[in-house]
Protein chains: 2
Amino acid sequence: MPASQARPAAEPGGRSTMKDVAAAAGVGVKTVSRVVNEESGVGAATAARVREAIEALGYRRNDGARLLRQGLRTGSVGLVIEDLADPFYAPLCRAVEEVARRHGSLLFSGSSAQQPQRERDLVLAFCARRVDGLILVPTSADHSYLLPEQAAGTPIVCVDRPAAGLLTDTVLSDNARGAREGVEHLLRAGHRRIGFLGDAPEIHTAAERLRGYCAALTAAGVPTREAWVSMSAPEPARLHLALERMLTGRRPVSALLCGNNRITVAALRELAALPHRPALVGFDDFELADLLTVPVTVVAQDPARLGRTAAELLFARLSGERGPAQWIELPTRLIPRGSGELPVRHA
Amino acid sequence: MPASQARPAAEPGGRSTMKDVAAAAGVGVKTVSRVVNEESGVGAATAARVREAIEALGYRRNDGARLLRQGLRTGSVGLVIEDLADPFYAPLCRAVEEVARRHGSLLFSGSSAQQPQRERDLVLAFCARRVDGLILVPTSADHSYLLPEQAAGTPIVCVDRPAAGLLTDTVLSDNARGAREGVEHLLRAGHRRIGFLGDAPEIHTAAERLRGYCAALTAAGVPTREAWVSMSAPEPARLHLALERMLTGRRPVSALLCGNNRITVAALRELAALPHRPALVGFDDFELADLLTVPVTVVAQDPARLGRTAAELLFARLSGERGPAQWIELPTRLIPRGSGELPVRHA
DNA sequence: ATGAAAGCGCTAACAT
DNA sequence: ATGTTAGCGCTTTCAT
């Protein structure tokens, strides 16, 4: 294996500046600037000398200084999501990145890890770097700290969830309708006792999906029961308890709607051990859902489209698009694969 | 002017500066600077007036200008990976982000999408923004374009693969050994005709895993056959052909080693249709591998640890750590789940 | 305790 | 075709 060899790694040994290049080439700084920025008005011979000096010194323009002087855009946007490693947010992030790249922008990104303080720290640090705009999966309960940024002209787009106490462009899935369609699918298979495993109710998407779940049952004339609903963070221990309660009581559920990808996966793991498995519809699609022992029916969101839409909206604003804050709801898609079509077992 | 007029969404109209704040508070800029940076030497009353003005104007310090003047660190690092949405790279990225946060650094990130030009563009753009350091999953065949950056003192850490034509700190998995152990596992189950579905041979990890595959077979006195090896990008069509060739020839393989997570998933999808499935070991672990019809045995890497290790190395360099470039190989872990223990079927 | 002036690396606006 | 000067928003240095 390529073993160690001598090399001093990190030393601010020196970034040469335009002034250095100018001196080395025997020209003025403005001439170097012209060459670096490919402006016209430099003789071929001079330009060649400058380029040589640039090469020799390893010069690279300092964009920070450039942007400060120009005072326009910084060519960067900030993205704060909940968790970059979550298979739902990763494609969203990737899509934002792609749109940013097409617009010549760099991307600052960070995960809030559901901690309002972290969201705030990240957002404000990005603003201090003068990002041209922000894309945000809100976690805080209050976003009024963003008012000054908005007033200063920094466009903000919220994605997946709306901001609280702040009027911004917002892109999200039609969560209530998605949940409703998931439940209706189970109702069509004959189920009447349908449980809902949702995330913590403070989370907007979780609340919306609960709303859709209830609406579907009510519309079908099926009573809802508190014992069939669990709303909490997807910790295995809690899910285990909730499932036990729902599946073993006097009125056990025959079907489940899972509130998001993490809950679905955790639930599948719990259910795998059981002899008889309830019917199941998961919110969010996930890789290999089709290859499981019982392929999993899901209400799919399109995270990449969420990200793309949000980013395009942001750059539209940056291109001068005026008008009231937009609220865009993208449709979900029910994908039947088997688990949602399981019939009711009669004990 | 710090105009406080009603403004529409995006208008680079008004960022107030220290000067504005100073004027509003009736003090000098240096006093504002002192308050903003919590330096001592400002009277309580003055400080209060300044803070009021800051609040009223929605002032936020411009870190770009600050950093330019200070000339030290920018408090940012750049991360270029192959694809942020890939379930292997996403946790790696997340781990880097976490370490960066702990060190008070922001993260620029971008996906090279396996395109050398994109890698280069991203890296150089990050350098122009004067990131303090770079973490890179190399895609180019030649990284000599980074020599000036390195010479200027920007530490560079390569992760998952080494750079070509550049000596940098490098963190990767022991790919050859991992592949070897995967094959040995299949040999122990009695297999002698073992196929390898690898990624394109230009990719360092793919080449190393091929090497481990060959080494294991050779050590066991089992001949290798070209027809049992396929090295190419994980396109479904190509994988289909490769699998057909391996599984239906005169000497069909009885077992497969898949070269990475994407290939494993694609192969599983192909194999799902078959009546008799070969034994299979996948390189890279993936979610739900344990819940598939035949739970999948894998050679697991630890992407988060790769990222964490690389980031910690980077910040160690930034803290002045000298010494030769490091080459760190992290172990892989074989996780038997079933698919790798399937016996040889005798036709 | 406070502020005026210089300058970080660059570019806009004028010279020449 | 090329150079000079000023200034972006901030901090550093040095007065007061």
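Here is the naming used below: chain letters follow the sequence lines, and residue numbers restart at 1 for every chain.
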request  = Starting from C1' on C:dT2, measure out to NZ on B:Lys30 and report it in whole angstrom.
outcome  = 10 Å
message = How about CD on B:Glu55, more than 12 heavy atoms from neighbouring residues, nucleotides or ligands closer than 6.0 Å, or not?
response = no
remark   = Assign each of B:Arg69 and B:Gly41 the nucleotide of DNA chain C bearing its closest heavy atom; nearer the 5' end lies the nucleotide of B:Gly41
query = Is there a donor in the side chain of B:Ser109 and an acceptor in the side chain of A:Ser109, or the other way round, less than 3.5 Å apart?
reply = yes
query = Want to settle it: does B:Ser33 or A:Gly28 sit nearer the 5' end of DNA chain D, counting the closest nucleotide to each?
reply = A:Gly28
note = Min and max contacting nt of DNA chain D in 5' to 3' order, chain A heavy atoms within under 4.0 angstrom, are D:dA1 to D:dG9
ask   = Quick one: are A:Leu146 and A:Leu134 in side-chain contact, heavy atoms under 4.5 Å?
value = yes
note = Atom OH of A:Tyr59 and atom P of C:dG9 are separated, to the nearest Å, by 10 Å
ask   = Within the structure shown, what part of the strands sits under 4.0 Å from B:Val29 by heavy-atom distance: base, sugar-phosphate, or nothing?
value = nothing
inquiry  = By the salt bridge (charged side-chain N to carboxylate O under 4.0 Å, His left out) test, which pairs, at least two apart or in different chains, include something from residues 111-121 of chain A?
reply    = A:Arg118-B:Glu98
query = CD of A:Glu39 versus P of C:dC10: gap in Å, rounded?
reply = 14 Å
inquiry  = Quick check for you: to the nearest 0.5 Å, what is the distance between A:Phe126 atom CZ and B:Leu106 atom CG?
reply    = 5.5 Å
note = Judged by nearest nucleotide, the residue sitting upstream toward the 5' end of DNA chain C, B:Gly43 or B:Gln70, is B:Gly43
All N/O donor-acceptor pairs, side-chain side in residues 44-53 of chain B, below 3.5 Å, sequence neighbours left out:
| unit_1 | atom_1 | unit_2 | atom_2 | d |
| --- | --- | --- | --- | --- |
| B:Arg49 | NE | B:Ala25 | O | 3.2 |
| B:Arg49 | NH2 | B:Ala25 | O | 3.2 |

message = I need the CG-C1' distance between A:Asp63 and C:dC10, as an integer number of Å.
response = 10 Å
message = Would you call the rings of A:Trp327 and A:His204 parallel, tilted or perpendicular, taking 30° and 60° as the class edges?
response = perpendicular
task = Measure from CZ on B:Arg73 to C1' on C:dC8 and round the result to the nearest Å.
result = 17 Å
ask   = Do any side-chain nitrogens or oxygens of A:Asn37 fall under 4.0 Å of OP1 or OP2 in C:dT11?
value = yes
remark   = Winner on side-chain proximity to A:Arg34, out of C:dG3, C:dT11, C:dC14, is C:dC14
